[in-house]
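Chain letters run A, B, ... following the sequence lines, proteins first, then strands; residues in each count from 1.
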Amino acid sequence: MKDLFKDLNEIQKQAVSTTEGPLMIIAGAGSGKTRVLTYRIAHLIEKGIDSFNILALTFTNKAAREMKERISSLIGGTEAKNLWMGTFHSVFARILRAEAHKLGFPSNFTIYDSQDSVNVIKKLISEMQLDSDIYKPKQVLGRISSYKNNLITVRAYFNNPELIEADQAAMKPKIGEIYKAYVERCFKSGAMDFDDLLLRTNELLTRFPEVLAKYQDRFRYIMVDEYQDTNHSQYLIVKALASRFENICVVGDDAQSIYAFRGANIRNILDFQKDYSDAKIIPLEQNYRSTQIIVEAANEVIAKNRDQLEKNVWTQNNEGDKIPLYRALSDADEANYVAAEIFNLKLTQQKRNKDFAILYRTNAQSRAIEEALRKKNIAYQVYGGLSFYQRKEIKDLLAYLRVLVNPRDQEALLRIINYPARGIGNTTLNKLIVGADQQDQSINEILENIELLGQAIGLNKPTIEKLANFWTMIKSFQVLLKTEDVYEVAMKVAITSGILKTLKEDDTPEGISRVENVQELMNSLQGFVDEQRQLEDGDPSLNYFLENIALASDLDNGNEEDDKVSLMTIHLAKGLEFPVVFIVGLEENLFPSQMSLNTRQELEEERRLFYVALTRAEKKAYFTYATTRFRWGKIVDGEPSRFLEEINNKHLEILNIEFKGSTKNRSGLDSDLFDGDFSPRYPKGPNPKYQNKQEPPRSPQNLKPISNAKLTHPVGGSLSDLKLGDHVLHDRFGKGIVKSIEGDPENAKALIDFENEGEKKLLLKFAKLKILN
DNA sequence: ACTGCTAATATTTTT
DNA sequence: TATTAGCAGT
């Protein structure tokens, strides 16, 4: 235990020690927000508040994990054990599992990701014989999502003439019908989508006062991070839970609100004082992260926004380097510049790969950069984009696992019923779907009794046979699940179902990488089982594994120890910091995005996004833009982003152009603005015409990012002579010291204090520990 | 019922 | 441009 207050400045101390009553902390970029939150929780626990009574909601699972670790290393011991900390989605998914039966859901309900949702909608649209050109599944889902986030249920929708008229005016009068069918289908499948996790929580808390009372009583101290990015649904949950004790602390920065597109409502933070009239407001304005130049440049840009709270972010840090601005001839040239610069800084300033981040507006921009980094042999990690768990081969295998847990999950069932091909075609499927509908049963129930019901719904003998075989196989997996661990079952599924065999038949590079991906999934299952078993309160169930991956973000999959350059969208970079940050693609119509140029609000969100990007940098930031770029398969011309002009030139180091910052004349084909004088400091990229000819074959390493679980073998042999004070090494948690050992030799547990992860109780039987002495 | 081709679609951001 | 879904032919 240490003196919590000595690491804090005066204002931070106030924020930490104000524990009672509503509190809003307006935390400017880099002002030590995470530190304040962790210290505040540690302080609460030290004061004697049971960690059981504390709820902390974060924006990513990664943030939650890191904070929890920091808290336990601050206060030591296991006092923080009962602390609930996680994203809205994961915390309330857990609560919903416990209470699901009240809402008519099974407790092992499936969580649909957006892909699943779109697929369901697509099927519904075709079942309803609607034109999918008018009802674009993605758009429809977006519409439904925004209803849900604003707590407009199906019934509320049909009671609201304005909404109906709006959809009619948009020539989409059937939206309500689709919404209704979608909700019913999800319910029937025992599934919730992302928005449901919040909407159903609201339903739970309003319909069952005793449930509300229970959680109100439990969560006496509530903290919400990134409050500026909460949506209405989240806002109502927080408000309901906090209304009894009103010990609610929200932390946020209106200047960093970047999720309006998915329903985030900046009013939540702007109106906090209206909701809690005795709320205290504490502004954290001193930036500890970035150089003066970075802070000033960021302030200059954000000042152009109209909607914001008054705030003055400042720093005592060094002035730092000016921000280089590089004008590239093409996206390839831009990428080569970035790669060359990283190469140089590594040589001249002993920087490591992981000191660098390259941030872009859209995922598609990573391609060119990846190529340039590969040419220079710089290790990198791309976050986001098509995630590992969205790959087809992975989704297929996961669909099997999902059906084992929740046989009602129709989406998963239909995905695998004829994969690998087993002669169950569309005709059969249609009969099944129609039959299930007529009998008012779900498809799995039909399959359960296929021998009896098969003929009734018009199936012939051989088909019934095939379906029965399929279902017998699924049931055998379910039996296996009772005795074997998740990894064993998944392995069995992959082999018995024929998935592995089918994939292995394809020996093209893509096919090989698919097999590797499945192997990788197996590794991560193995890792999951190992890790959960080692933890005293671990949960190695398949159900928990599936929930974890459904709610995992791509950030959760990186491996901190790897020395790699990070590539990600600016959205993903929120909350992170890096010594050197490249912000690339600073062009009009790209950043700000052309989709955002219609309204002031949208443009202001882009500007906040730029602010977030720039304030990720600690020591040095770089700007680049390209005058031509490959987009939609065409070369398009680009002009420098307006955000560049909003920065005072004295903060920029303009490399290879005459850049007239404040000029308003951006219309001329920039020949008069930027003539000649390309600095020869860096080699030019290849002529865009040729750039795809040389694409090196994608090495498999780059295709399997994700799992950090490597198949490891137990080290060190017998641990029976492990004793107090021993230094040990764990392949996941790192170095630690043995604090205590308990239990009989067969099931001995050891409490180990890890240097970086805090204390953990491990089962020696499973823990792969190496004694270091 | 399966295979291979054509056509459409995508590129704003994601729990 | 790159991927994928849907369709038509066998």
Side-chain angles (χ1 to χ4, degrees), chain A residues 57-64 86-93 111-115 117-119 122 126 132-133 136-138 141-142 145 148-149 192-198 226 229-231 233-234 257-264 331 359-368 383-387 390-392 418-429 462-463 466 510 547 549-556 568-574 585 589-598 602 605-606 608-610 612-613 629-636 688 691-692 695 698:
Chain A
L57 296 165
T58 59
F59 199 72
T60 62
N61 291 304
K62 185 171 177 243
T87 60
F88 273 89
H89 291 86
S90 57
V91 165
F92 294 112
I111 298 173
Y112 277 177
D113 66 20
S114 337
Q115 232 179 60
S117 303
V118 172
N119 285 341
K122 211 178 275 174
S126 88
S132 62
D133 285 338
K136 295 208 163 83
K138 265 197 177 158
L141 181 66
S145 171
K148 286 186 177 176
N149 284 328
M192 297 200 198
D193 66 16
F194 287 138
D195 305 315
D196 284 331
L197 294 176
L198 306 173
E226 308 280 9
D229 281 323
T230 50
N231 62 34
S233 194
Q234 293 167 319
S257 165
I258 54 175
Y259 281 96
F261 73 91
R262 84 172 195 218
D331 44 357
L359 307 182
Y360 35 79
R361 178 68 239 267
T362 66
N363 282 307
Q365 289 169 257
S366 73
R367 272 230 156 77
Y383 295 89
L386 182 56
S387 100
Q390 286 171 8
R391 291 171 186 279
K392 184 184 172 301
N418 195 33
Y419 179 83
R422 49 176 72 87
I424 299 169
N426 274 331
T427 329
T428 310
L429 286 186
T463 312
K466 286 177 203 158
E510 295 82 23
E547 176 174 320
I549 58 178
L551 298 177
S553 79
D554 279 295
L555 277 181
D556 297 325
M568 62 183 90
T569 62
I570 298 161
H571 282 88
L572 264 185
K574 184 165 90 149
N589 296 328
L590 179 60
F591 191 16
S593 153
Q594 67 199 96
M595 314 296 286
S596 71
L597 299 177
N598 302 318
E602 283 178 309
E605 177 148 317
E606 295 285 306
R608 291 191 295 267
L609 197 54
F610 181 82
V612 168
R629 171 180 305 276
F630 254 107
R631 289 234 264 164
W632 309 286
K634 286 199 191 91
I635 297 176
V636 296
Q691 77 172 13
N692 286 304
E695 168 96 22
R698 238 177 171 222

**Request:** Assign Phe591(A) to base, sugar-phosphate, or nothing according to its heavy-atom contacts below 4.0 angstrom with the strands shown.
**Result:** nothing
**Residue-phosphate contact under 4.0 Å: Thr569(A) side-chain N/O, dT14(B) OP1/OP2** = yes
**Asked** Atom NZ of Lys574(A) to atom P of dT15(B): distance rounded to whole Å?
**Response** 11 Å
**Asked** In whole Å, what is the span from the CG atom of Leu572(A) to the C1' atom of dT15(B)?
**Response** 11 Å
**Item:** OG-CZ distance between Ser593(A) and Phe261(A), expressed to the nearest 0.5 angstrom
**Value:** 11.0 Å
**Asn363(A) side-chain N/O to dT11(B) phosphate OP1/OP2 under 4.0 Å** = no
**Item:** Interatomic distance where CZ belongs to Arg631(A) and C1' belongs to dT9(B) [whole Å]
**Value:** 16 Å
**Item:** Between P of dT4(C) and NZ of Lys392(A), the distance in whole Å
**Value:** 10 Å
**Request:** May I ask you to say what Ser596(A) touches in the nucleic acid, namely base, sugar-phosphate or nothing, with a heavy-atom cut-off under 4.0 Å?
**Result:** nothing
**Request:** Report the relative orientation of the aromatic rings in Phe610(A) and Phe591(A); use parallel for angles under 30°, tilted for 30 to 60°, perpendicular for over 60°.
**Result:** tilted
**Asked** Would you say a side-chain N or O of Lys138(A) is under 4.0 Å from OP1 or OP2 of dT11(B)?
**Response** yes
**Request:** Any chance you could lay out the side-chain hydrogen bond (donor to acceptor under 3.5 Å, both in side chains) test for Thr87(A) and Ser90(A), step after step, and finish with the verdict?
**Result:** CA-CA 5 Å; Thr87(A) 60; Ser90(A) 57; 2.9 Å; yes
**Message:** Just to be sure I understand the rule, does Asn418(A) reach a base, reach only the sugar-phosphate, or reach nothing, if contact means heavy atoms closer than 4.0 Å?
**Reply:** sugar-phosphate
**Asked** CZ of Arg367(A) versus P of dA10(B): gap in Å, rounded?
**Response** 17 Å
**Message:** Measuring only the C1' atom in each nucleotide, how far is dT4(C) from dT13(B)? A whole number of Å is fine.
**Reply:** 22 Å
**Request:** May I have the distance from Lys136(A) (atom NZ) to dT9(B) (atom P), rounded to whole angstrom?
**Result:** 7 Å
